[in-house]
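One structure below.
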Amino acid sequence: MTVGLQINALRRQRGLTLEELSALCGVHRDDLGLYERGAMTPRPETVARIARALDVPIAAIQAGMGWTAPRPTEDWETARGDSLLRDGILEAAREAGDFPVEEQEVLALLESVKASIPALVEHMKDTRPEAVIHREILEELRLAPEEEPWELTDSQWEQLRELLPSEKAGRGRAFKSNRLMLDGILYWMRSGAAWKDLPARYGRHKCVSDRLRLWTRTGVWEPVLQKLVELGVLDETSVRRADEGTKPP
């Protein structure tokens, strides 16, 4: 049985919903769903958190996986001084190649790593989907790609635009760009983000989610969805997420 099926079976045995398990272990509901469906593999420390929430040994979940449980936290907490961290830096340097390592360089790396720990701990507490957190970290470091990998290319958009209604229907102000709204929907579907975590460039997240529900209610969305699958923009997991998102709140 895969790790996802193990988590699903244990959760159901305890009569827990995904939301309830999320609250107990601090892992986002959407990530738990991806783990259970086998669309994403949890990290060892994440499995440990889920196991604690389900009150089972880690072995009950990790059976058949290619890693072992991480060392107990106590080993890290009781290590004296910075020796453990220092040893890790020296080992990483040795693995990087055969070159002399100066003492002051090691000390500089040691202080740099220690200074980054508080920020990393805060990110570890974050229960948002990992894709959203990773994007935020990259943006803070100014390493994020200028264009989202899941936004439509010009070629894909040209094959979809005629399936969508005019943005200037009826009286009043025109609707926001169909392409912008569709890119926002694709971000939500493929990143695993909650609606409220959509990047600001897509505008108000409620506008994007409302546009998806409007297109669904008026029969526009189904042929668009089929075309997105045909173009290879969406996979089965993303389609299921779209179905969930079009249900009334």
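For the atom pair CZ (R217) and CG (L212), the distance works out to 11.0 Å, reported to the nearest 0.5 Å. R49 contributes atom CZ, which lies 12.5 Å from atom CD1 of I58 (distance to the nearest 0.5 angstrom). Between the OG atom of S209 and the CE atom of M181 there is a distance of 10.0 Å, given to the nearest 0.5 Å. Going from atom OH of Y35 over to atom CG of L5 covers 15.5 Å, rounded to the nearest 0.5 Å. In this structure, NE2 in H28 is found 6.5 Å from OG in S22, a value given to the nearest 0.5 Å. In this structure, CH2 in W157 is found 7.5 Å from CG in L152, a value given to the nearest 0.5 Å.
Of the possible polar contacts, none joining the T216 side chain to the W221 backbone as a donor-acceptor pair under 3.5 Å is found. Not a single donor-acceptor pair under 3.5 Å links the side chain of W188 to the backbone N or O of L198. Counting only distance, with no hydrogens or angles, the side chain of E36 and the backbone of G33 share no donor-acceptor pair below 3.5 Å. For the pair T46 (side chain) and P42 (backbone), a donor-acceptor distance under 3.5 Å is absent. The backbone N or O of L21 lies less than 3.5 Å from no partner atom in the side chain of R11, so there is not a single donor-acceptor pair.
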Q.
Would M40 and D31 count as a side-chain contact (heavy atoms from CB on, under 4.5 Å) here? Give the steps.
A. CA-CA 8 Å; M40 188 163 66; D31 285 340; 3.4 Å; yes
Q: Please test D183 against L180 for side-chain contact (heavy atoms from CB on, under 4.5 Å), starting from the C-alpha separation and ending with a verdict.
A: CA-CA 5 Å; D183 278 336; L180 179 68; 5.5 Å; no
Q: Check the pair L34, D30 against side-chain contact (heavy atoms from CB on, under 4.5 Å), reporting the backbone distance first and the verdict last.
A: CA-CA 6 Å; L34 291 173; D30 293 340; 5.5 Å; no
Q: Quick one: do Q226 and L234 satisfy side-chain contact (heavy atoms from CB on, under 4.5 Å)? Show the steps, please.
A: CA-CA 9 Å; Q226 291 176 2; L234 294 179; over 6 Å; no
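Scanning for side chain to side chain donor-acceptor pair (under 3.5 Å) contacts around R179 gives D154, with sequence neighbours left out. The salt bridge (Lys or Arg N to Asp or Glu O under 4.0 Å) search around R12 returns none, not counting sequence neighbours. In this view, P165 and W215, V220 satisfy the side-chain contact (heavy atoms from CB on, under 4.5 Å) rule, not counting sequence neighbours. Under the side-chain contact (heavy atoms from CB on, under 4.5 Å) criterion, S112 pairs with no residue, sequence neighbours left out. A search for salt bridge (Lys or Arg N to Asp or Glu O under 4.0 Å) contacts involving R161 returns E158, not counting sequence neighbours. Applying the side-chain contact (heavy atoms from CB on, under 4.5 Å) rule to V56 yields the partners L10, R14, A51, L54, A60, I61; only residues at least two apart in sequence or on another chain are considered. Looking at residues two or more places apart in sequence or on another chain, you find a side-chain contact (heavy atoms from CB on, under 4.5 Å) between L24 and L16, A53. Judged as a salt bridge (Lys or Arg N to Asp or Glu O under 4.0 Å), and not counting sequence neighbours, the contacts of E19 are R29. By the salt bridge (Lys or Arg N to Asp or Glu O under 4.0 Å) test, D55 is found to be paired with no residue, residues two or more places apart in sequence or in another chain being considered.
Between Y187 and R201, the closest side-chain pair of non-hydrogen atoms falls below 4.5 Å. When side chains are defined from C-beta on, I50 does not count as touching V47, because their heavy atoms never get closer than 4.5 Å.
Pairs passing the salt bridge (Lys or Arg N to Asp or Glu O under 4.0 Å) check and including a residue from residues 218-231, sequence neighbours excluded, read K227-E230.
N178 and R211 share a donor-acceptor pair across their side chains, judged by distance under 3.5 Å alone.
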